[in-house]
Amino acid sequence: MDKNRIEFFMQRAIELSQIGMEMGQGGPFGAVIVKDNEIIAEGYNQVIATNDPTAHAEVVAIRKACEHLHHFQLTDCILFTSCEPCPMCMGAIYWARPKAVYFANTRQDAAEIGFDDNFIYEELNQPLDKRSIDIFHLYSPKAKKIFELWQQKQDKTLY
């Protein structure tokens, strides 16, 4: 992809971040997903508008792109986002498997305006009993059995 197209797609992600912010949808974050040099999905942060803490720009765009493609992976796509993705969005991005991600603002830039995800990175490195939210492992033979059945399933779709 040439430099002009990269800049065009990034500018659209940045425009979306402003649109969502000005509409009161959520924070100043926007994203586009591109396939074959065309935008196939757009998103901006909608956390406040939808009362959904997962409605970050990247997740909104991923959901729309997957719906558009009728597939749960974006292997031939590129994601452009106005800010370095948070840990949740990075997880969604890795599961969606785009071939590349471009971002504008850094996570340090986001922290400076009140969107500090560093505590999540730190929490994930803590043992379960040291985390700020109580998290407990409750072993269940029934749950384990379901995993065994999945492993034996012949017609499963891996992702």
Side-chain angles (χ1 to χ4, degrees), residues 1-135 150 156-159:
M1 183 177 304
D2 73 40
K3 186 176 178 179
N4 288 336
R5 290 303 280 172
I6 290 170
E7 185 63 27
F8 171 81
F9 296 131
M10 181 57 72
Q11 287 307 310
R12 181 59 184 156
I14 293 166
E15 287 172 13
L16 289 165
S17 72
Q18 184 172 3
I19 290 168
M21 176 189 68
E22 289 177 350
M23 290 174 49
Q25 300 285 301
F29 305 99
V32 298
I33 297 179
V34 174
K35 181 175 181 172
D36 299 328
N37 227 12
E38 297 294 328
I39 295 174
I40 63 164
E42 298 182 333
Y44 48 78
N45 186 296
Q46 297 180 26
V47 169
I48 294 169
T50 62
N51 292 316
D52 179 354
T54 69
H56 290 199
E58 298 91 338
V59 173
V60 170
I62 288 168
R63 289 174 179 159
K64 289 179 179 179
C66 289
E67 184 177 337
H68 173 80
L69 296 173
H70 305 287
H71 201 273
F72 54 86
Q73 291 184 335
L74 304 173
T75 51
D76 293 325
C77 299
I78 299 173
L79 172 68
F80 292 84
T81 182
S82 64
C83 187
E84 184 176 355
C86 75
M88 176 188 69
C89 292
M90 285 305 299
I93 290 165
Y94 275 97
W95 281 116
R97 295 176 172 85
K99 63 182 177 182
V101 175
Y102 291 84
F103 66 90
N105 292 319
T106 67
R107 66 183 183 188
Q108 291 79 15
D109 296 329
E112 289 175 9
I113 64 163
F115 293 93
D116 190 354
D117 298 326
N118 197 48
F119 78 97
I120 298 173
Y121 291 102
E122 291 173 2
E123 281 281 303
L124 294 174
N125 287 321
Q126 295 291 328
L128 294 180
D129 64 341
K130 301 287 187 213
R131 294 185 182 176
S132 63
I133 297 175
D134 292 335
I135 299 177
W150 171 259
K156 64 187 168 210
T157 301
L158 295 177
Y159 56 95

Is Glu15 salt-bridged to Arg12, going by a charged N under 4.0 Å from an acidic O? yes
So with a 6.0 Å cut-off around [atom1] of [X], is the heavy-atom count from everything else above 12?
X	atom1	value
Lys156	NZ	yes
Gln126	CD	yes
Tyr94	OH	no
Gln73	CD	yes

At what distance, to the nearest 0.5 angstrom, does [atom1] of [X] lie from [atom2] of [Y]?
X	Y	atom1	atom2	result
Ser82	Gln18	OG	CD	11.0 Å
Phe103	Ile93	CZ	CD1	10.5 Å
Glu38	Ile40	CD	CD1	10.5 Å
Asn105	Ile14	CG	CD1	7.0 Å
Glu123	Ile133	CD	CD1	7.0 Å
Tyr44	Gln25	OH	CD	4.5 Å

Tell me the closest heavy-atom pair linking [X] and [Y], and the distance in Å.
X	Y	value
Met21	Pro28	SD-CB, 3.9 Å
Pro85	Met90	CB-SD, 3.5 Å
Thr50	Gln46	OG1-O, 2.6 Å
Thr54	Arg63	OG1-NH2, 3.3 Å
Ile62	Ala96	CG2-CB, 4.1 Å
Pro87	Asp117	CD-CB, 3.8 Å

task: Test side chain to side chain contact (heavy atoms under 4.5 Å, CB included) on Asn37 and Met1 and set out the steps.
output: CA-CA 7 Å; Asn37 227 12; Met1 183 177 304; 3.8 Å; yes
[Y] side chain reached by [X] side chain, heavy atoms, under 4.5 Å:
X	Y	value
His56	Val47	yes
Ile6	Phe80	yes
Cys77	Leu69	yes

CA sep, side-chain torsions, deciding dist, call: Glu112, Gln108, side-chain hydrogen bond (donor to acceptor under 3.5 Å, both in side chains)
CA-CA 6 Å; Glu112 289 175 9; Gln108 291 79 15; over 6 Å; no
- Message: Evaluate Lys35 against Ile33 for side chain to side chain contact (heavy atoms under 4.5 Å, CB included), listing each step before the verdict.
- Response: CA-CA 7 Å; Lys35 181 175 181 172; Ile33 297 179; 6.0 Å; no
Worksheet item: Given the rule in the side chain to side chain contact (heavy atoms under 4.5 Å, CB included) test, do Lys99 and Ile78 qualify, once you have shown the distances and angles that lead to the verdict?
Response: CA-CA 6 Å; Lys99 63 182 177 182; Ile78 299 173; 3.9 Å; yes
Exercise for review: Starting from the C-alpha separation in whole Å, work towards a yes-or-no answer on side chain to side chain contact (heavy atoms under 4.5 Å, CB included) for Phe9 and Ile39.
Suggested key: CA-CA 8 Å; Phe9 296 131; Ile39 295 174; 3.7 Å; yes
